[in-house]
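Report on the structure given below.
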Amino acid sequence: MARNVLTLRDLEGIAPGGEIKVAPGTIVTQLAREEAQERGIRIRFDSAADTTSESEANPSQGAPRRIVALGADHGGFDLKEQLGGYLREWGYTVLDLGTSGREAVDYPDFAEAVANAVGRGDAWRGVVIDSAGIGSSIAANKVPGARAALCYDRATARNSREHNDANVLSLGARLIPAEDAREILAVWLGTAFGGGRRQRRIDKIIAIEERNRKR
């Protein structure tokens with residue numbers, strides 16, 4: 001199942017020598033782990049703290065639950081390699097769609113490949129990376145069924161999932177530190193779509209896509 005994430009910010013209100021309860025399987029970022037050790041905060045894994053929802057455990061559309069497609073141009077290659085390692089550590093299967101080095105390539109090719117993998121059901125979710133993340137998100141959103149969101153912090157990552165049911169995450173490798181990208185990815189993967197009135201809005205987005213596909 002997708003996992004929760006404990007970050008440095010979550011420890012801000014914990015007194016030195018205190019304790020914080022998290023659900024089993026929660027991802028503890030390196031910065032959070034170091035801060036807890038320095039301040040003597042105990043991180044206790046407690047099943048009673050598990051907040052994983054049914055929608056997280058059973059994603060819609062029948063896509064494979066644990067496959068995450070990764071794609072990047074030369075500007076995002078290094079970050080792609082790092083995030084791919086984290087994904088494997090967290091128990092996901094990585095579908096690496098390139099690029100395979102730092103030689104100059106074109107980001108639309110990889111954004112399209114990732115978005116298509118998600119749209120076909122070959123992957124549960126996708127991640128696209130270039131230098132700024134803007135171009136890849138634009139390109140990915142040209143693929144029917146893709147809802148790519150450019151995220152630059154935990155709040156945008158959570159919002160893109162809760163409100164927009166984003167299935168492709170776009171990251172700008174030269175605009176955010178690698179550790180921030182790791183936290184963004186963990187939050188994005190661990191956040192469920194909120195449904196309810198938000199579903200009506202997603203349906204309208206899909207309707208726009210359908211109307212324009214027929215032109």
Side-chain angles (χ1 to χ4, degrees), residues 1-70 79 82-95 118 121 123-127 147 149 151-171 176-199 202:
M1 60 170 50
R3 304 178 188 179
N4 300 318
V5 58
L6 180 73
T7 68
L8 184 62
R9 189 175 302 176
D10 296 316
L11 301 178
E12 291 177 354
I14 309 298
E19 178 181 273
I20 184 169
K21 295 179 182 179
V22 297
T26 293
I27 299 160
V28 181
T29 68
Q30 185 62 34
L31 290 176
R33 195 179 301 279
E34 292 172 358
E35 179 74 6
Q37 290 175 350
E38 184 175 324
R39 293 169 53 200
I41 296 173
R42 181 187 177 199
I43 300 172
R44 184 154 72 89
F45 292 89
D46 186 344
S47 59
D50 191 352
T51 58
T52 303
S53 71
E54 183 179 351
S55 58
E56 287 177 284
N58 299 287
S60 61
Q61 301 180 1
R65 175 62 182 84
R66 299 181 68 82
I67 298 177
V68 177
L70 277 182
L79 183 58
Q82 292 179 57
L83 295 183
Y86 294 138
L87 285 165
R88 294 181 183 95
E89 287 178 12
W90 299 340
Y92 293 95
T93 297
V94 174
L95 177 61
V118 173
W124 169 51
R125 292 189 197 165
V127 181
R147 290 183 297 279
C151 298
Y152 47 85
D153 58 16
R154 292 175 59 193
T156 50
R158 184 176 293 109
N159 184 278
S160 76
R161 287 290 308 131
E162 281 185 359
H163 292 265
N164 311 121
D165 197 19
N167 52 17
V168 176
L169 171 66
S170 184
L171 296 170
I176 54 175
E179 177 63 17
D180 287 0
R182 181 181 188 269
E183 292 197 4
I184 289 167
L185 177 61
V187 170
W188 189 76
L189 290 170
T191 301
F193 176 49
R197 66 184 184 279
R198 301 173 185 89
Q199 183 60 58
I202 298 303

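Computed from a prediction, not measured in an experiment: that's the story for all the values here.
Partners of D153 under the side chain to side chain donor-acceptor pair (under 3.5 Å) rule, at least two apart in sequence or in another chain, are T156. Scanning for side chain to side chain donor-acceptor pair (under 3.5 Å) contacts around Q82 gives an empty result, with sequence neighbours left out. Residues satisfying the side chain to side chain donor-acceptor pair (under 3.5 Å) criterion with R198, sequence neighbours excluded, are H163.
Residue pairs meeting the salt bridge (charged side-chain N to carboxylate O under 4.0 Å, His left out) criterion with at least one partner in residues 34-44, sequence neighbours excluded, are E19-R42, E19-R44, E35-R39, R44-D46.
In this structure, CD1 on I20 lies 5.0 Å from CG on L6, to the nearest 0.5 angstrom.
Evaluated for a side-chain contact (heavy atoms from CB on, under 4.5 Å) with R33, the options I43, V28, L11 yield exactly one hit, V28.
What you find for T191 and R161 is that their closest heavy atoms are O-NE, 3.0 Å. Minimum interatomic distance between W124 and R66 (heavy atoms only, all atoms of both residues): CB-N, 4.5 Å. The minimum heavy-atom distance between L83 and L70, with the atom names listed, is C-CD1, 4.5 Å.
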N/O donor-acceptor pairs under 3.5 Å from side chains in residues 180-190, not counting sequence neighbours:
| unit_1 | atom_1 | unit_2 | atom_2 | d |
| --- | --- | --- | --- | --- |
| E183 | OE2 | T29 | OG1 | 3.3 |
| W188 | NE1 | S160 | OG | 3.2 |

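Put simply, the side chain of R88 never gets that close to the backbone of V94: no donor and acceptor are under 3.5 Å apart.
Between W90 and Y92, the ring-plane angle classifies as perpendicular under the 30° and 60° cut-offs.
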Stepwise, does the side chain to side chain contact (heavy atoms under 4.5 Å, CB included) test hold for F193 with I202? CA-CA 11 Å; F193 176 49; I202 298 303; 3.7 Å; yes
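For Y152, the OH atom counts as loosely surrounded, since its 6.0 Å shell holds 12 or fewer non-hydrogen atoms of other residues, nucleotides or ligands.
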